[in-house]
Amino acid sequence: MAKYLLLKHYRGAPAAVNDVPMDQWSPEEISAHVRYMNDFAARLEKTGEYVDGQALAPEGAWVRYDGEGRPPVTDGPFAETKDLIAGWMVIDVDSYERALELAGELSAAPGAGGRPIHEWLEVRPFMAEHCAVTE
């Protein structure tokens, strides 16, 4: 089994077919989207392919270690992941092809008007699956 990150973007990916921003959806459309995501995760839990997934709130800050004391916190001038990353799901599947299949299915979550979004998802393997540490 190999773990993959399915990364959902607010912006930065190619435009989805149903490209209406979520902040313009009705409460019913948001509920349908969340229900689809939860049902998808529940189905993968039954097959043992689901590891974890989360939607991200838009708030956030950049933090770094800068010696002793309080770390500096800034809201820029970096590319803001809070503007780019909507959420993620980690899956553990038998093959890269299966990861692509599931990402394609997840891409069809409903959006505005109840129509599938057909959004682009970024599929990234976990590094630990690709390289072993040797001593």
Side-chain angles (χ1 to χ4, degrees):
M1 301 284 276
K3 289 187 177 100
Y4 291 87
L5 174 67
L6 306 181
L7 192 56
K8 295 174 65 69
H9 294 272
Y10 284 121
R11 294 189 315 212
V17 172
N18 185 1
D19 195 23
V20 177
M22 187 179 258
D23 62 0
Q24 297 176 20
W25 297 2
S26 71
E28 295 79 18
E29 291 165 340
I30 292 171
S31 292
H33 181 81
V34 170
R35 188 170 41 257
Y36 182 97
M37 301 293 290
N38 289 338
D39 291 348
F40 182 83
R43 186 168 51 85
L44 294 186
E45 282 179 338
K46 290 179 184 173
T47 65
E49 295 174 307
Y50 180 80
V51 176
D52 194 17
Q54 298 293 321
L56 299 175
E59 301 84 27
W62 287 88
V63 178
R64 74 169 189 209
Y65 177 77
D66 199 26
E68 294 300 320
R70 184 180 169 149
V73 176
T74 183
D75 198 29
F78 308 105
E80 298 289 349
T81 56
K82 64 187 176 189
D83 292 337
L84 301 176
I85 301 172
W88 49 268
M89 183 176 289
V90 177
I91 56 174
D92 194 359
V93 295
D94 289 328
S95 67
Y96 177 68
E97 291 73 21
R98 178 66 174 152
L100 294 179
E101 176 186 340
L102 292 174
E105 187 176 336
L106 188 57
S107 164
R115 296 181 316 277
I117 300 171
H118 296 291
E119 67 184 323
W120 289 91
L121 297 176
E122 187 175 352
V123 178
R124 307 240 344 236
F126 277 44
M127 186 180 289
E129 304 296 330
H130 289 285
C131 59
V133 176
T134 59
E135 295 188 29

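Reckoned from all heavy atoms, side chains included, excluding hydrogens, waters and symmetry mates.
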N/O donor to acceptor pairs below 3.5 angstrom from side-chain atoms of residues 107-114, sequence neighbours left out:
unit_1 : atom_1 : unit_2 : atom_2 : d
S107   : OG     : E119   : N      : 3.2
S107   : OG     : E119   : O      : 2.6

- Closest approach of R115 and N18, non-hydrogen atoms and distance? O-ND2, 3.0 Å
- Within 6.0 Å of CH2 in W120, more than 12 heavy atoms from elsewhere: no
- Approximate separation, where rounding is to 0.5 Å, of R98 CZ and Y4 OH: 12.5 Å
Validation: residues 34-43 side-chain donor-acceptor distances under 3.5 Å, sequence neighbours left out:
unit_1 : atom_1 : unit_2 : atom_2 : d
Y36    : OH     : E105   : O      : 2.6
N38    : ND2    : V34    : O      : 3.4
R43    : NH2    : E105   : OE1    : 3.1
R43    : NH2    : E105   : OE2    : 2.0

- Message: Looking at every non-hydrogen atom in both residues, tell me the closest pair between A99 and L6 and how far apart they are.
- Response: O-CD2, 4.3 Å
- Item | Heavy-atom side-chain proximity of L102 to V93 below 4.5 angstrom | yes
- Hey, could you give me the CD/CD1 distance between Q24 and I30, rounded to the nearest 0.5 Å? 11.0 Å
- Message: For W25 and H33, take the angle between the two ring planes, folded into 0 to 90°, and tell me which bin it lands in: parallel under 30, tilted 30 to 60, perpendicular over 60.
- Response: perpendicular
- Task: Heavy atoms only: give me the nearest F126-L5 pair and the separation to one decimal.
- Result: CE1-N, 3.9 Å
- E29: partners by salt bridge (Lys or Arg N to Asp or Glu O under 4.0 Å), with sequence neighbours left out: none
- Task: Could you walk me through whether L56 and W88 pass side chain to side chain contact (heavy atoms under 4.5 Å, CB included), step by step?
- Result: CA-CA 8 Å; L56 299 175; W88 49 268; 4.0 Å; yes
- Query: Are V17 and I117 grouped together when hydrophobic residues (ILVMFWY) are joined by side-chain heavy atoms under 4.5 angstrom apart?
  - Reply: no
- Item | K8 and E122: CA distance, side-chain angles, deciding distance, salt bridge (charged side-chain N to carboxylate O under 4.0 Å, His left out) verdict | CA-CA 7 Å; K8 295 174 65 69; E122 187 175 352; over 6 Å; no
- Message: Closer than 3.5 angstrom, by distance alone: can the side chain of D52 be matched with the main-chain N or O of V90 as a donor-acceptor pair?
- Response: no
- Message: Side chains of V51 and I91, heavy atoms from C-beta outward: is any pair under 4.5 Å?
- Response: no
